[in-house]
There are 2 protein chains.
Amino acid sequence: MILEKIQNSDQPLCAQQIYEEMKEALDLATVYRGLKYLEENSEISSFLLDCSERGVERYYSSFFAHHKHYMHCMACHRFTPIDTCPLGGFESLEKKTGFRIDEHFLTLKGLCKKCQNK
Amino acid sequence: MILEKIQNSDQPLCAQQIYEEMKEALDLATVYRGLKYLEENSEISSFLLDCSERGVERYYSSFFAHHKHYMHCMACHRFTPIDTCPLGGFESLEKKTGFRIDEHFLTLKGLCKKCQNK
DNA sequence: AAGTTTTTGCAACTGATTTGCATAAATTAT
DNA sequence: ATAATTTATGCAAATCAGTTGCAAAAACTT
């Protein structure tokens, strides 16, 4: 049920948002338990968003599970997906530093098209 | 005093770490108040690190104020600074999506040179 | 030194998330 | 289908990072 809600959304969702839409059916604790289960089983993945207006919240997405980045609009707080990862290969960085990069997380913030024209 | 501690560290520090080193002199609430003040006055800046072992914590750095990225080692939890930002220009992304990118945050995780050889 | 402003410690609070626990629902065995 | 066992749920309390109210302490003013 939670998985469906996430899969059917074009936006990453946070626990509160999911809970809002199914509060007659599920407890908030159950939502968190479900999200934890889904993430542990790689059905979804999550990232933290540090938003000056809305604070720190974890957002869940099923697309993100296959490496997806988003741009976050600081005005409307919606996410715009990015088709191709803007991060080039890290080979030169790895060679230079000896650090082996396993994961990367990218947060882009700005104003989406609509909000620029307001 | 807090600013000095951050400036003299080669690592971004979180509130707890700063507090640990000066707990005889300052209360944790005062550390947070100081950090808030410093960040508001652009002496330092901060980023969130979502670490599976240590949880979510905000790290403060004075270097970061002039746009600095780090790679976080998942074993020793130390940060390795990155000299040049690995993110290319966002112009093509902006042109394609209409989104205006104002800020970007990049978290790279992996194993630092030392921890790979353990 | 008395009065005013700022900073501090401490404790209580917040908000997101987690957990204990007893109950309810689902699953399996009888 | 029915008792026994496992799993999932709701609810409330706990947790954890971070914030805030408030009275006392320190720093400034005059």
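It should be emphasised that the depicted structure is a prediction, and the values quoted were computed from it without experimental measurement. Chain identifiers are assigned alphabetically (A, B, ...) following the order of the sequence lines, protein sequences preceding nucleic acid strands; residue numbering begins at 1 within each chain.
- Residue pairs that meet the side-chain hydrogen bond (donor to acceptor under 3.5 Å, both in side chains) test with at least one member in residues 11-26 of chain B, sequence neighbours left out, are B:Lys5-B:Glu21, B:Glu20-B:Lys23.
- One atom, OH of B:Tyr59, and another, C1' of D:dA17, lie 12 Å apart when rounded to the nearest Å.
- Not counting sequence neighbours, the partners of A:Arg100 by the salt bridge (charged side-chain N to carboxylate O under 4.0 Å, His left out) test are A:Asp102.
- In the hydrophobic clustering (ILVMFWY side chains linked at under 4.5 Å, chained through shared members), B:Val56 is joined by A:Leu48, A:Val56, B:Leu48.
- Partners of B:Arg54 by salt bridge (charged side-chain N to carboxylate O under 4.0 Å, His left out), not counting sequence neighbours: none found.
- The interatomic distance linking B:Tyr60 (OH) with D:dA17 (P) rounds to 13 Å, in whole Å.
- Taking atom CD of A:Gln16 as the reference point, atom P of C:dA16 lies 5 Å away to the nearest angstrom.
- Note on A:Leu26: only backbone sugar-phosphate atoms sit closer than 4.0 angstrom, heavy atoms only; bases stay farther off.
- In this structure, A:Leu28 places its CG atom 13 Å from P of D:dA12, rounding to the nearest Å.
- Between the C1' atom of C:dA16 and the CG atom of A:Leu49 lies a distance of 14 Å, rounded to the nearest Å.
- At whole-Å resolution of the value, CG in B:Asp50 and P in D:dC16 are 17 Å apart.
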Could you go through nucleotides 19-24 of chain C and list every protein N or O atom that sits under 3.5 Å from one of its N or O atoms, giving the distance for each pair?
from: C:dG20; atom 1: O6; to: A:Arg33; atom 2: NH1; distance (Å): 3.4

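- Counting to the nearest Å, the P atom of D:dT9 and the OH atom of A:Tyr19 are 14 Å from each other.
- Close to C:dG9, at under 4.0 Å from its OP1 or OP2, lies a side-chain N or O of B:Thr30.
- The ring-ring contact (aromatic ring centres under 6.0 Å, His included) with A:Phe47 is formed by just one residue from the set A:Phe79, A:Phe105, A:Tyr60; it is A:Phe79.
- Every residue two or more places apart in sequence or in another chain that forms a side-chain hydrogen bond (donor to acceptor under 3.5 Å, both in side chains) with B:Glu39 is listed here: B:Ser46.
- Ring-centre distance between B:Tyr37 and B:Tyr32: not below the 6.0 Å cut-off.
- C:dA16 atom C1' lies 13 Å from atom CG of A:Leu35, rounded to whole Å.
- Of the two residues contacting DNA chain D, namely B:Arg54 and A:Glu24, the nearest-nucleotide position lying further toward the 5' end is that of A:Glu24.
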